[in-house]
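Structure, as structure tokens:
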Amino acid sequence: MGDQGEFTFANPVIRGFNPDPTVCVVPTTATTPAQYFLSTSTFDYFPGAAIYHSTDVINWKLIGHALNRRSQMDLRTVEPGAGSWASTLRYRPREKRWYLTNGAFHRYRPAADERIFPRGFYVWTDDIFDDAAWSDPVYFDNPGFDQDLFWDDDGRVYLSTTVRMSPRTPGLALKDFAIHISEIDLPTGRTLTPPRVIRSSPFGVAEGSHIMRRGRYYYLFTAEGGTEAGHQEWAFRSTEGPYGPWEGQGKALWYNGPDEEVQRTGHCDVFEDGRGQWWGVLLGVRPARNREGRWAEPQLGRETFLVTVDWVDDWPVFNRGKNVALETVGREPVVQARAAGADGVRWRADLSRPDLELGWYHKNTPIKKCYSLTERPGYLRLYGNCYQLTSPESPALLLRKQAGYNETFRAKMDFKPSRLGYESGVTLWWNQYSFASIGVGVMEPRGGAKAVQTVIARQTTGKNGDLDVSYPLFDLGVTVGADDAVQFTIDTTPTDYKLTVSVGEASTSVSFDAETLTISPPVGGAFTGAMFGIYASGKSEPVLDPSDFWDIEIVERPS
């Protein structure tokens, strides 16, 4: 509780890499209160378009993914930060149906000003709790990203997207990304009217459009200035319709600057709860300071924040007109669930299930299944494929999001590799150009000695594709025996990471600065966050010896 009886809650409400939140409401009925559903971006990870559910707008639970099979999204060798970008999630009460729009970049190279803008699509479902119920895509004709659907009262449906203006401003260094809108035929996705620009920004980028109607006004919300330090949210209104003309207030709704505890805020979606009160969800980052006291690149990525929205003279006022902070004033007392239990465990893998629980991700869309929870009950069995962690393809790699600055990822492994190049272990993941790993593999010592099992470690150097490879146990004169169970930990702090392996009585670790991990990739973008993972790989051949993991968990440590 804040000052003078104000009720407060802690932001972000969805921690760890969860950007571009979009939200919809299933209205109150005679038997059930209002239900809230929210989706966040997943980029080059699969399954795509995470879906969360809440009954109180403060506490959110992951319930599925809208893009969960190859027929919906087949990501092959896409750049980091490409893949599935921002969605719009909407519920249509008359149909009792959810719609989710999306667009997947399959080529995204902004450093060379080379982007193939996707033809976006929508999927729909009548049962949002069942991943299998989501439809295959219905594709649009208009290219662009950050697709939004707006249903007007006359039954017409409009698609707004962000795409480069044509013609471009001669000699202008800005991107010239603007909001375009067309009327479409929803069942087919066919464009009915030529795209028209409804917002071009003086900052060169207008994206993340959402159109809604409240009373006599249509409202257009846009994210401007790019998703980095200049990120801002703007609002416009019109009495005429989704084409405008649009009037604004001449300024952003707010701006979280580069010296605040929460930064880069924007990309909003607004909704009315079951009690007639309004809220906004948005992305933001909560960076940590490095050893020199400067804000470092936030390794947790962009997260989901929640603020109140009030209407003053028919204009939205977010967060009472104040910049977004970690402690946020709410509406009424809601108990905010603790992320971790009394033992500090935030998550522990359920290995009694027939298949993976929610929250595991693949890099890109896997061609075939690489794991089993039934071949050896009580263990997560991983079969390495022919792709190593440095490959732009999808290796045998299962990932979970880092959600706090002081966490420990733990896992035990049983792996008996029989062939040179076989390897399995744990990883701290940024992308294929920047990651750390520690695992067991077969190496061939110099001088033609017999190949042995040993620990192989890789750590970041701050340069893309330049990983420091070492054999820490072998360098101590210790190899891995066939009967040795291997224990791994990854410890995080705001400034450092440490990967540790224990085999029998022997233990060793590698440590590195967090800023050497969170570098921008040579292609694509750094739009995601750090993740913990388990992996198995072979050098251009499949691994025929399975690796079995158990006691997998993430523990929160006191800061």
Next item on the list: Start with the C-alpha distance between Arg214 and Glu272, add both sets of side-chain angles, then the distance that settles salt bridge (charged side-chain N to carboxylate O under 4.0 Å, His left out), and finish with yes or no.
Entry: CA-CA 10 Å; Arg214 178 182 177 271; Glu272 184 179 15; over 6 Å; no
Item checked: side-chain hydrogen bond (donor to acceptor under 3.5 Å, both in side chains) between Thr222 and Glu224, worked out -> CA-CA 6 Å; Thr222 64; Glu224 306 196 7; 2.7 Å; yes
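Under 4.0 Å is where a charged nitrogen must lie from a carboxylate oxygen, and between Asp314 and Arg237 no such pair does. A salt bridge does not link Arg156 with Asp152: every distance from a Lys NZ or Arg NE/NH1/NH2 to an Asp or Glu carboxylate oxygen is 4.0 Å or more. The pair Glu297-Arg264 meets the salt-bridge criterion, with a side-chain N (NZ, NE, NH1 or NH2) lying under 4.0 Å from an Asp/Glu carboxylate O. Using a cutoff of 4.0 Å between basic side-chain nitrogens and carboxylate oxygens, Asp126 and Lys96 are not scored as salt-bridged. The pair Asp56-Arg331 does not meet the salt-bridge criterion, since no charged nitrogen lies less than 4.0 angstrom from a carboxylate oxygen. Asp141 has a carboxylate O that lies under 4.0 Å from a charged side-chain N of Arg119, or vice versa, which qualifies the two as a salt bridge. The existence of a salt bridge linking Glu6 and Arg320 is confirmed by a sub-4.0 Å separation between a basic side-chain nitrogen and an acidic carboxylate oxygen.
Aromatic rings of Trp124 and Tyr99 (six-membered ring for Trp) have centroids beyond the 6.0 Å cut-off, not under it. Taking the six-membered ring for Trp and the full ring otherwise, Trp311 and Tyr219 have centroids separated by under 6.0 Å. Aromatic pair Tyr361/His65: ring centres closer than 6.0 Å. Aromatic ring centres of Tyr36 and Tyr91 lie farther apart than the 6.0 Å criterion allows.
Atom OG of Ser238 is separated from atom OH of Tyr217 by 9.5 Å, given to the nearest 0.5 angstrom. Phe140 contributes atom CZ, which lies 9.5 Å from atom CG of Asn102 (distance to the nearest 0.5 angstrom). A distance of 11.5 Å separates CG in Asp310 from CH2 in Trp278, rounded to the nearest 0.5 Å.
Judged by the 6.0 Å distance and 45° axis criteria, Arg92 is not positioned over the aromatic ring of Trp98. The cationic atom of Arg196 (NZ for Lys, CZ for Arg) lies less than 6.0 Å from the six-membered ring centre of Tyr243 and within 45° of the ring axis.
No option in Val324, Val307, Asn319 other than Val324 meets the side chain to side chain contact (heavy atoms under 4.5 Å, CB included) test with Trp254. A ring-ring contact (aromatic ring centres under 6.0 Å, His included) with Phe145 is found for one member of Phe527, Trp85, Tyr108, Phe43 and no other, namely Trp85.
Ring orientation note: the planes of Phe129 and His53 are nearly perpendicular, at an angle over 60° on the 30°/60° scale.
A 4.5 Å side-chain heavy-atom check between Leu159 and Thr191 finds every atom pair outside the cut-off.
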